[in-house]
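As the structure is a prediction and not an experimental result, all values here were calculated from the model. Computed over heavy atoms, backbone and side chain alike; hydrogens, waters and symmetry mates excluded. In what follows, chains are A, B, ... by sequence order, proteins preceding strands, each numbered from 1.
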Amino acid sequence: MVAACERPAFAVDSETTSGDTNPSNLNYPTHHSDARADTRQRPAGARVRVLLMATGAAALALTSGLTACGGPVGEGPPPQLIVPSAERLAELEEAVTGEVSTANEPTELGVAGFTDDALMESFIKECRELQPKGELKAGAGDRAASSSVGRVFRGDTLPKKLPEVPDDGIFRWVEGNPEYLDPNKISESAGNAIASQMFETLLILPPGNTPVVPGAAESYTVSDDGLVYTFTLREGLTWSDGKPLLAEDFRYAWLRGLAPETGSRNAQQLWFIKGAKAYNTSKSKDRESVAIRTDGDRKLIVTLESRTPFFPDLVTYIAYAPVPRHAIEKHGEKWALPNNIVVNGPFIMTEWKPRDRLIMEPNPKYWDAANIKLKGQIIYSSDDEKRNVLLYDTGQAHWVSPIGADRIREYKNLGRSDLQIDQIMCTYYYVLRTDKPPFNDPRLRRAINIAVDKERLTQHVLASFEPSTTHLVPDMFRNTLGYKGPQGDPFNPQKARQLLAEAGYPDGKGLPKLELVYNTFEVHRLVAEYVQRNLKENLGIELSLINMEWKSLLKKNHSGDFQISRTSWCADYPDPLTFLAVWDSESENNYAAYKNPAYDKVLDRIRSESDRIERNALMCAAEKAINRDMPIVPFYYYSRANLVHPTVRGFEAQYLDHHNTKWIHFGPPSAGGSE
Amino acid sequence: MLRFILNRLMGAVIVLWVIVSASFFMMRCAPGGPFDEEKALPPNVEANKWTKFGMGDEIVSPVAGKVVELGQITAGDEYEEDVVLAVVQDAQGIKHEVRMPSDGQVKVFTAELNKEIAAGDRVAVIPKPLWDQYLTSLGNYAQLDFGVTFTSDGSRTVMEELKQAFPISMQLGLFSMLFAIIFGVSIGLIAGLKQNTLTDYTLMSGAMVGISIPTMVSGPILIALFVLGLGWFPYGGWDPPPGSEWSAWQYRILPVITLGLVYTAYIARLTRGGMLEIIRSDYIRTARAKGLSERQVVTRHALKGAILPTVSFLGPAMAGIVTGSVVVERVFGIAGLSEYFITPALNRDYPMVIGVIVVYSAILVVLNLVVDIAYTFLDPRVSYDK
């Protein structure tokens with residue numbers, strides 16, 4: 001694919017408030033990894049890989065002075081013919097030479113062990129060179145420019161015949177079935193998507209991949225060491241039942257989330273607060289040891305464990321929402337049900353039939369109620385692709401996702417503007433168990449990795465919009481943080497055979513039987529069979545495939561009883577660290593048993609580094625170490641395909657796949673969609 | 001008759017008990033547990049869940065003191081009785097060993113070296129013995145208390161879930177059955193009375209097609225025709241959402257037809273067969289001979305006998321409708337019991353699984369009993385009182 005469409009560098013600036021930069025979006029629907037969530041990432045259609053953000057690049061070009069490169073290749077809308085400016089060409093040149101040079105020269109293997117301290121130092125040096133210098137520019141807080149950042153596809157043809165949705169100001173959409181709506185417990189994406197319409201956090205997400213904006217807090221300050229955040233609440237905030245909303249309510253909520261009795265699944269998102277982990281894991285029984293203080297009714301002062309430049313983003317997560325103590329004490333477990341529920345956000349639930357539908361009305365007590373344009377919301381519980389498409393086609397829903405691959409392909413070819421495909425922060429990969437034979441040999445791990453043609457996989461086998469990858473961290477952090485990661489080793493069957501021979505298994509001879517475990521799901525099967533064929537053809541290795549249902553796979557992963565296992569990771573917070581920290585020796589998700597002290601040391605340095613560019617360099621070095629030590633075989637990043645009715649405004653791409661309906665309103669059908 | 005019903009009810013209870021017991025143990029044999037997630041919970045939090053839902057026993061320290069020694073314990077592994085979990089030194093310097101009370105798995109291990117703990121503080125959590133869990137649960141099931149669902153983290157009970165979903169599936173099933181009986185019997189009678197005419201051939205060919213097309217095909221065809229094509233009916237759900245201009249029956253008619261169609265066809269064929277047999281029998285000839293009109297012959301005498309095969313078919317048909325509704329509910333997006341058919345088992349939501357199994361088995365057992373009783377009214381030769 002033409003390297004030309006390098007995504008515009010530094011698409012977003014942090015013009016945000018004080019202190020550390022962390023622009024971009026946030027709230028992540030926590031863990032997508034259970035079986036149900038996996039369905040929503042079913043790779044989309046389209047045989048042609050569309051380079052990211054054709055339209056986004058164009059929009060950005062206007063503000064950033066850069067010129068965009070071509071549009072999608074092949075079917076779909078015609079490419080835009082724009083001549084790149086000299087500046088842009090230079091940048092592309094830099095990008096191309098920088099990345100290709102590292103990509104084509106696999107770092108020498110050396111001893112059989114993992115990357116050591118000395119090698120890591122040299123990686124850091126190389127990475128310092130690689131990181132773009134200077135301030136983040138372009139897009140800075142400009143909504144029009146940043147709104148299409150992260151968009152993989154959006155057609156520009158307004159369909160002639162549109163589904164007729166009732167024009168009553170009610171926004172209709174679908175979401176999986178939420179199990180519960182208590183912000184302190186939510187772990188699945190459905191609960192997160194719905195509860196965050198009702199509970200407003202201190203800072204909130206604007207539409208699109210743009211920096212956070214004030215929510216319940218009117219402002220915040222950060223201490224010089226980046227550890228103490230002081231939030232000031234808006235004046236006169238109330239709960240939906242009229243009780244005043246105080247800083248103490250936030251403190252109560254966060255401590256409730258951390259209390260071991262609550263059994264919260266998202267409490268780990270609060271562990272960045274000093275003392276939080278100890279309290280949550282019962283190492284300390286003293287609530288007061290958690291560093292959350294209030295000063296008067298409107299000031300909340302939080303001390304963090306270590307420097308956390310992405311804390312403003314984290315604060316938008318549902319785990320950081322306030323909960324109404326008075327309602328919880330009155331209704332117990334049943335407080336988050338219709339009639340009992342008390343909220344502080346723009347909408348309040350009035351009816352909930354689990355597994356059927358959920359109805360919300362605007363909350364008149366919300367501080368910004370005057371600016372809420374929706375008259376209400378109907379949210380259908382559905383994660384079935386066929387059903388979603390029917391709901392859309394029959395005019396019962398404005399926004400549906402996931403949708404089937406055939407529909408995506410059809411609409412993509414028609415260039416229809418009601419199809420939107422957005423990139424999200426997830427990577428699909430296989431884990432290799434590095435602590436036991438045969439995968440304790442790095443040469444074998446690397447051979448497997450470069451014997452699989454991943455680009456062919458995404459383009460021809462899955463026929464999806466998912467961009468294939470050679471490395472772990474999704475590439476959107478270039479836009480949000482100016483982070484430039486290293487490329488992994490490209491597909492190279494000759495080199496793979498050579499490595500296999502070096503490892504002592506020429507042409508796969510003498511290699512013990514290899515097994516791949518994966519959970520039952522169509523896409524996983526396709527990938528597994530493709531890998532099986534690649535290994536057979538390119539290396540002469542027999543791979544046996546074992547599929548099992550999700551919980552059985554989890555058990556295998558946790559117990560380490562496998563050779564190769566399928567898994568994926570979605571960002572917990574919008575920062576490359578969330579992907580890198582998985583491979584911490586202590587991490588419970590380190591299924592590869594990748595225990596490397598040199599790597600852990602770099603992680604510690606990342607956690608305390610205050611300079612953005614140096615921090616990026618350290619993260620890049622850590623990723624380089626992963627590329628070299630190869631505990632994983634990365635395949636592709638996820639994207640999410642949505643059908644969005646052309647009357648909907650304010651629905652933008654979101655890296656964390658979190659859409660705040662506060663910003664949604666309606667207008668006459670338009671191909672542009674946003675304003 | 002009463003004795004027969006009592007006997008059958010006794011049998012039903014035994015059948016249910018066998019089904020529940022088998023499911024109970026099979027569920028627990030499946031690998032993985034209800035609280036496993038990709039991101040593991042901290043051990044103490046997971047321990048809370050095991051005890052909260054009554055599936056775990058705590059092993060506690062007998063004294064207050066400091067943990068001075070830890071056993072070689074990995075959570076999730078099996079250990080023998082009397083294996084030392086931890087050694088606690090009290091204020092007097094006396095060491096107390098905390099041991100495994102029996103052979104078995106350590107679910108969660110919370111002890112930490114050099115930590116001060118109080119008497120009664122948790123050292124580890126082991127699963128409650130299976131028999132113990134089984135007996136407690138069985139007692140609760142007998143009182144129709146299936147407990148709370150794990151996936152809702154205890155915020156909803158199994159009964160609440162079933163109360164919402166069951167009536168929808170029941171209505172769908174009953175309406176479909178009614179549809180199938182009314183249309184099936186009418187078509188069968190007409191075809192039987194006009195044997196070997198064009199009407200007969202047309203109706204029976206239609207029935208053959210109806211039998212051959214499964215609901216997962218006929219559903220989408222009906223949707224394509226009547227929803228997307230003609231726009232006569234809305235799509236999706238059982239109750240109209242607020243703001244919908246369609247009425248409830250318009251929402252319900254397509255799923256009912258889809259589910260009923262296959263059985264309409266079967267019933268039509270059975271009724272036609274029954275009619276052909278009866279219409280040639282002696283007592284019909286007698287009825288005709290005494291000068292009754294043809295209409296009277298059919299409605300008074302022939303009909304009863306003709307639908308007997310249909311009635312005996314209703315038992316198995318009910319089973320088919322109950323399970324078949326799972327497919328139709330998925331196709332039409334109806335939030336009935338189908339939502340609980342597979343997901344709870346995948347989530348290892350033990351209480352929900354048992355709840356659904358009991359409901360389904362009970363429906364089948366009861367419906368079969370109803371059919372047996374209906375027999376006595378239709379066929380004087382059948383009697384259960386001997």
Side-chain angles (χ1 to χ4, degrees), chain A residues 30-31 33-36 166 168 170 172 177 179-180 182 185 187 260-265 267-268 277 280-283 333-334 336-337 351 353-357 359 376 378 380-382 384 386-387 390-391 393-394 396 548-559 567 569 572 588-589, chain B residues 30-49 52 76-77 110 112 115 122 148-149 151-156 160-161 164-165 168 220 223 227-228 231 234-239 241-245 330-336 339-340 343 345-348:
Chain A
T30 50
H31 270 92
S33 35
D34 60 285
R36 177 202 305 132
D168 50 8
I170 290 176
R172 298 162 160 85
N177 175 57
E179 288 298 345
Y180 30 76
D182 180 339
K185 291 186 174 179
S187 66
E261 312 76 89
T262 309
S264 168
R265 286 216 173 269
Q268 293 183 20
K277 184 177 176 182
N280 186 225
T281 55
S282 299
K283 285 197 175 61
E333 296 266 23
K334 308 259 178 218
L337 296 176
E351 183 193 322
K353 294 186 172 175
R355 284 159 231 273
D356 190 1
R357 62 167 179 248
I359 292 168
I378 302 178
Y380 298 98
S381 296
S382 162
D384 183 87
K386 288 201 185 65
R387 186 179 167 204
L390 273 167
L391 285 173
D393 285 349
T394 55
Q396 301 194 62
M548 48 185 68
E549 44 101 39
W550 174 240
K551 290 260 178 170
S552 310
L553 181 69
L554 271 185
K555 194 173 158 74
K556 283 233 174 234
N557 282 346
H558 285 301
S559 63
T567 180
W569 188 258
D572 279 341
E588 273 155 355
N589 302 291
Chain B
F35 312 119
D36 293 348
E37 289 292 336
E38 177 142 44
K39 238 187 178 174
L41 285 169
N44 59 319
V45 176
E46 195 184 333
N48 283 340
K49 296 219 181 241
K52 174 177 173 182
D77 285 356
T110 48
E112 276 175 64
K115 195 177 143 184
R122 174 160 71 200
V148 292
T149 70
T151 39
S152 72
D153 198 45
S155 65
R156 284 194 306 276
E160 279 169 355
E161 301 261 9
Q164 205 221 322
I168 296 177
I223 292 173
V227 177
L228 299 174
Y235 165 79
W238 191 246
D239 293 313
S244 172
E245 56 208 52
R330 299 302 299 182
V331 170
F332 286 90
I334 295 169
E339 295 282 340
Y340 301 92
T343 330
L346 291 181
N347 289 336
R348 308 283 188 273

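Across all non-hydrogen atoms, the minimal contact from A:Gln396 to B:Gly236 is NE2-N, 4.4 Å. Of all the heavy atoms in B:Pro242 and A:Ile378, the pair that sits closest is O-CD1, 3.5 Å. Nearest heavy atoms, A:Pro260 versus B:Asn44: CB-ND2, 3.6 Å. Closest heavy-atom contact between A:Gly263 and B:Val45: CA-CG1, 3.4 Å.
Here the straight-line distance linking atom CZ of A:Arg265 with atom CG of B:Asp153 works out to 8.0 Å at 0.5 Å rounding. The CD1 atom of B:Ile168 sits 6.0 Å away from atom CG of A:Asp356, with the distance rounded to the nearest 0.5 Å. Between atom CG of residue A:Leu337 and atom CZ of residue B:Arg156 there is a gap of 7.5 Å, rounded to the nearest 0.5 Å.
The number of heavy atoms from other shown groups lying within 6.0 Å of NZ (A:Lys277) does not exceed 12.
In this structure, chain B has no heavy atom under 4.5 Å from any part of A:Ser382. Contact annotation for A:Lys353: both backbone and side-chain heavy atoms come within less than 4.5 Å of a heavy atom of chain B. If you measure heavy-atom distances from B:Glu46 to chain A, you find no contacts under 4.5 Å at all. No part of A:Ser381 comes within reach of chain B, as not one of its non-hydrogen atoms sits under 4.5 angstrom from that chain. Neither the backbone nor the side chain of A:Asp182 comes within less than 4.5 Å of any heavy atom in chain B. Within the 4.5 angstrom heavy-atom criterion, atoms from both the backbone and the side chain of B:Asp36 approach chain A. Only the side chain of B:Ile223 comes within contact range of chain A, with heavy atoms under 4.5 Å apart. Interface remark: A:Lys334 contributes side-chain atoms only to the contact with chain B (heavy atom separation under 4.5 Å). Heavy atoms closer than 4.5 Å to chain B are found nowhere in A:Ile170, neither backbone nor side chain. Using a 4.5 Å cut-off between heavy atoms, B:Pro220 makes no contact with chain A at all. Both the backbone and the side chain of A:Leu391 come within contact range of chain B, judged by heavy atoms closer than 4.5 Å. Contacts of B:Glu160 with chain A are made by side-chain atoms alone, with heavy-atom separations under 4.5 Å and no backbone atom involved. At a 4.5 Å heavy-atom cutoff, the contact between A:Asn589 and chain B is made by side-chain atoms alone. Contact annotation for A:Ser559: neither backbone nor side-chain heavy atoms come within less than 4.5 Å of a heavy atom of chain B.
Not a single donor-acceptor pair under 3.5 Å links the side chain of A:Lys551 to the backbone N or O of B:Leu346.
Contact annotation: the side chain of A:Arg387 never approaches that of B:Arg330 to less than 4.5 Å [non-hydrogen atoms, C-beta and beyond]. Using a 4.5 Å heavy-atom cutoff, the side chains of B:Asp239 and A:Arg357 are in contact. Between B:Ser155 and A:Glu179, every side-chain heavy-atom pair lies at or beyond the 4.5 Å cut-off. B:Leu228 has its side chain within reach of A:Leu390: a pair of non-hydrogen atoms, C-beta onward, lies under 4.5 Å apart. Between B:Pro241 and A:Glu351, every side-chain heavy-atom pair lies at or beyond the 4.5 Å cut-off.
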### A:Glu333/B:Lys52 under salt bridge (charged side-chain N to carboxylate O under 4.0 Å, His left out): CA gap, chis, key distance, verdict
CA-CA 13 Å; A:Glu333 296 266 23; B:Lys52 174 177 173 182; 3.5 Å; yes
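B:Phe35 pairs by the ring-ring contact (aromatic ring centres under 6.0 Å, His included) definition with B:Trp50, B:Phe53, B:Phe150, not counting sequence neighbours.
The choice from A:Lys386, A:Glu588, A:His558 that makes the most heavy-atom pairs within less than 4.5 Å of chain B is A:His558. Ranked by heavy-atom pairs under 4.5 Å with chain A, the list B:Tyr235, B:Tyr340, B:Trp238 is led by B:Tyr235. Chain B forms more heavy-atom pairs under 4.5 Å with one residue of A:Ala336, A:Pro354, A:Pro166 than with any other, namely A:Pro354. No other option in A:Asn280, A:Thr262, A:Thr281, A:Asp168 has as many heavy-atom pairs under 4.5 Å with chain B as A:Thr281. When each of A:Lys556, A:Glu549, A:Arg172 is scored by its heavy-atom pairs under 4.5 Å with chain B, the top score falls to A:Glu549.
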